[in-house]
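Structure, as structure tokens:
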Amino acid sequence: MNEIFLMKLGEIVLKGANKRQFENKLRQNVRRRMKPFGNFDVYIMQSTVYVQPLDQEADLEGAWAACHTIFGVVSLCRCRPCEKDLDAIYNAIEEYLGEDLDCAKSFKVESKRSDKAFPMTSIAISQEIGGRLAEAHPTVEVDVHHPEYTVYVEIRDLAAYVHGPAEPGAGGLPTGVGGRAMCLLSGGIDSPVAAYMMAKRGMEIECVHFFSYPYTSQLARDKVLELARLVTRYSGRMTVNIVSFTKIQEQIRDHCPEEFFTLIMRRFMMEIAQRIAKADGCGALITGENLGQVASQTMEAMTVTGAVVDIPIFMPLIGMDKEEIVTIARKIGTLDTSILPYEDCCTVFTPKHPKTKPTLGQVLHAEQKLDREALIREALETVEKLTVRYHDDPLL
Ligand code: ATP
Ligand code: MG
């Protein structure tokens, strides 16, 4: 065993009495996420997750990349474990970090000693190891204030660990500690980002997509499944419910005033999503709505749409600018797929002059010719449940 990952817990350390439960969840999540990469031991001690490969076959690079997408981790580093002995520590640094050190102009050693039985203080460890390294690397200056490179030494219970600078983790809370929610996933830029953001707050995510074959194509459906797959890189595997929306849209087109098309359609989406959500144990809905972005996302429109559901609707993008949303979409890798030009069911029946300040009374009147309950039940019979995993083949 000559390399191990140490991951520092984020906000979990603040969670007082629930800390144990949060840690257990995180450990489970890390174990599951490491499975595709071989045999790893995963344990948590002193607010740190240890991810230790158990044999030479383990795919360290794959595992390391995956560790960056696990919520609940603020920072992570690859370390070399060694005996808790100054010579062993010095040799481990030379072997493991010597080349990186040589590339820097200046360095310092920073030590932490959580094993208080170790006979030297952190400062004394840093001075001793720093002195030896300075002698062996005369071209690299010691600079304790603004070093280009920092060598870290951690004296922990089981061993000493040496490592270079840590990298930022995915942040957030461990998936599963925030309950379970149903995200209305379209093929656009926003809703995959919304799903990611709520997953980051510890929610397990399930998705529902409404598609209107033949008005929208098989490609548009694959695009949504591909977006879901990209989100599972962070959220872990998810169920995607595909609901046929064609009949509802045709009925709206044939029986309702055009200015209310989008609103009535969105009320159907919300209500159907809520029914699937409740049946699947989801306690909230998630949408990618964003105040003022389009006519159906004014405060008045959202009041009318939200009126059909009685569970919370989480809209993590509500106050963001498009640019901020795009930045996240790019970071999580959904943007390129989102901007592929396949049509969405919303765009097919878009009214020319949508109502931006509707009242609930107007909309109830506008939809009165529809048999809502029958249409909803019929749509629910079309639900197709698919399981999506990051390691599935890309769909596009
Ligand atoms: P997005 O980029 O997520 O498509 P948008 O800005 O295009 O959002 P709308 O098309 O008005 O906005 O949709 C608002 C929200 O409604 C979406 O973020 C998504 O949560 C949900 N939604 C829209 N269309 C669908 C669909 N076909 N299936 C499931 N959910 C949808
Ligand atoms: Mg859209």
Side-chain angles (χ1 to χ4, degrees), residues 181-198 205-213 215-217 219-225 227-228 230-231 238-246 248-249 252 260-277 282 284-299 301-302 304-306 308-309 313-326 328-330 332 334-351 354-356 358 379 382-384 386:
M182 177 72 71
C183 181
L184 285 85
L185 188 68
S186 69
I189 295 173
D190 301 334
S191 43
V193 173
Y196 159 83
M197 286 180 70
M198 296 321 298
I205 308 292
E206 181 167 334
C207 285
V208 57
H209 175 66
F210 298 91
F211 92 117
S212 298
Y213 187 77
Y215 301 102
T216 60
S217 64
L219 269 177
R221 181 188 133 117
D222 285 351
K223 174 183 176 184
V224 170
L225 290 172
L227 285 169
L230 294 169
V231 172
M238 67 162 79
T239 301
V240 180
N241 298 272
I242 305 279
V243 182
S244 169
F245 210 48
T246 315
I248 291 177
Q249 287 198 301
I252 297 173
F260 292 108
F261 278 5
T262 312
L263 278 172
I264 296 174
M265 190 185 79
R266 296 195 47 71
R267 280 163 58 82
F268 273 102
M269 284 188 185
M270 290 290 190
E271 194 161 350
I272 293 169
Q274 167 166 268
R275 295 211 196 172
I276 305 173
C282 299
L285 301 181
I286 300 169
T287 72
E289 283 164 293
N290 177 240
L291 193 65
Q293 195 186 82
V294 288
S296 58
Q297 296 178 21
T298 62
M299 183 177 68
M302 285 190 272
V304 168
T305 333
V308 292
V309 300
I313 306 171
F314 293 153
M315 305 175 178
L317 314 185
I318 195 72
M320 294 171 74
D321 288 347
K322 193 73 191 183
E323 224 10 76
E324 296 172 297
I325 301 170
V326 167
I328 301 177
R330 193 175 286 124
I332 64 173
T334 52
L335 185 66
D336 289 345
T337 304
S338 287
I339 59 181
L340 292 173
Y342 312 133
E343 68 294 334
D344 179 69
C345 73
C346 293
T347 45
V348 179
F349 295 90
T350 308
K355 193 95 178 152
T356 53
T382 70
V383 174
E384 197 186 336
L386 303 169

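Both ligands and their constituent atoms are indexed starting at 1 by order of listing. Note that the numbering runs from 1 along the sequence shown for the chain. Basis for what follows: all heavy atoms, side chains included, without hydrogens, waters or symmetry-related copies.
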Of Met315, Glu289, Arg266, the one whose closest heavy atom lies nearest atom 21 (C) of ligand 1 is Arg266
**OP:** Could you tell me whether some N/O pair between Leu184 and ligand 1 is separated by less than 3.5 angstrom?
**Re:** yes
The atoms of ligand 1 lying under 4.0 Å from a heavy atom of Gln293, numbered in the order shown, are 5 (P), 6 (O)
In ligand 1, the atoms that come under 4.0 Å of a heavy atom of Gly188 are 1 (P), 2 (O), 4 (O)
Test side-chain contact (heavy atoms from CB on, under 4.5 Å) on Ile325 and Asn290; report intermediate values, then the result. CA-CA 10 Å; Ile325 301 170; Asn290 177 240; 4.0 Å; yes
Any N or O of Ile286 closer than 3.5 Å to N or O of ligand 1:
no
Here the atoms of ligand 1 under 4.0 Å from any heavy atom belonging to Ser296 are 11 (O)
Correct closest heavy-atom pair for Ala273 and Val208 would be CB-CG1, 3.8 Å
Looking only at non-hydrogen atoms, the one of Ile313, Leu285, Val243, Asp190 nearest atom 8 (O) of ligand 1 is Asp190
Do Thr287 and Met270 come within less than 4.5 Å of each other through their side chains, counting heavy atoms only?
yes
Here the pair of heavy atoms bringing Ala194 nearest to Gly288 is CB-CA, 3.9 Å
For this session: Using distance alone, with no hydrogens and no angle criterion, decide if Thr356 and Thr298 have a side-chain donor and acceptor under 3.5 Å apart.
Result: no
Going by the 4.0 angstrom heavy-atom rule, the piece of Val208 near ligand 1 is backbone
Near Gln297 (heavy-atom distance under 4.0 Å), the atoms of ligand 1 are 6 (O), 9 (P), 11 (O), 12 (O), 13 (O), 14 (C)
Sorted by chain and number, sequence neighbours left out, ring-ring contact (aromatic ring centres under 6.0 Å, His included) with Tyr196 holds for Phe71, Tyr234
Per-atom filter on ligand 1: closer than 4.0 angstrom to a heavy atom of Gly288 are 17 (C), 18 (O), 20 (O)
The answer for which part of Leu185 has a heavy atom under 4.0 Å from ligand 1 is backbone
Looking at side-chain heavy atoms only, is the closest gap between Val240 and Glu384 below 4.5 Å? no
Thr287 heavy atoms within 4.0 Å reach ligand 1 at atoms 20 (O)
Note: ligand 1 atoms sitting under 4.0 Å from heavy atoms of Met269 are 24 (N), 25 (C), 26 (C), 27 (N), 31 (C)
task = Could you tell me whether Ile189 and ligand 1 have an N or O pair separated by under 3.5 Å?
result = yes
Short version for Ser191: what comes under 4.0 Å of ligand 1, heavy atoms counted, is both
| task | Give the ring-plane orientation class for Phe268 versus Phe245, where under 30° counts as parallel, over 60° as perpendicular and anything between as tilted. | result | perpendicular
Residues at least two apart in sequence or cross-chain that pass salt bridge (charged side-chain N to carboxylate O under 4.0 Å, His left out) with Arg275, listed by chain then number, are Glu271, Glu373
What one should report as the nearest heavy-atom pair of Leu227 and Gly188 is CD1-O, 4.1 Å
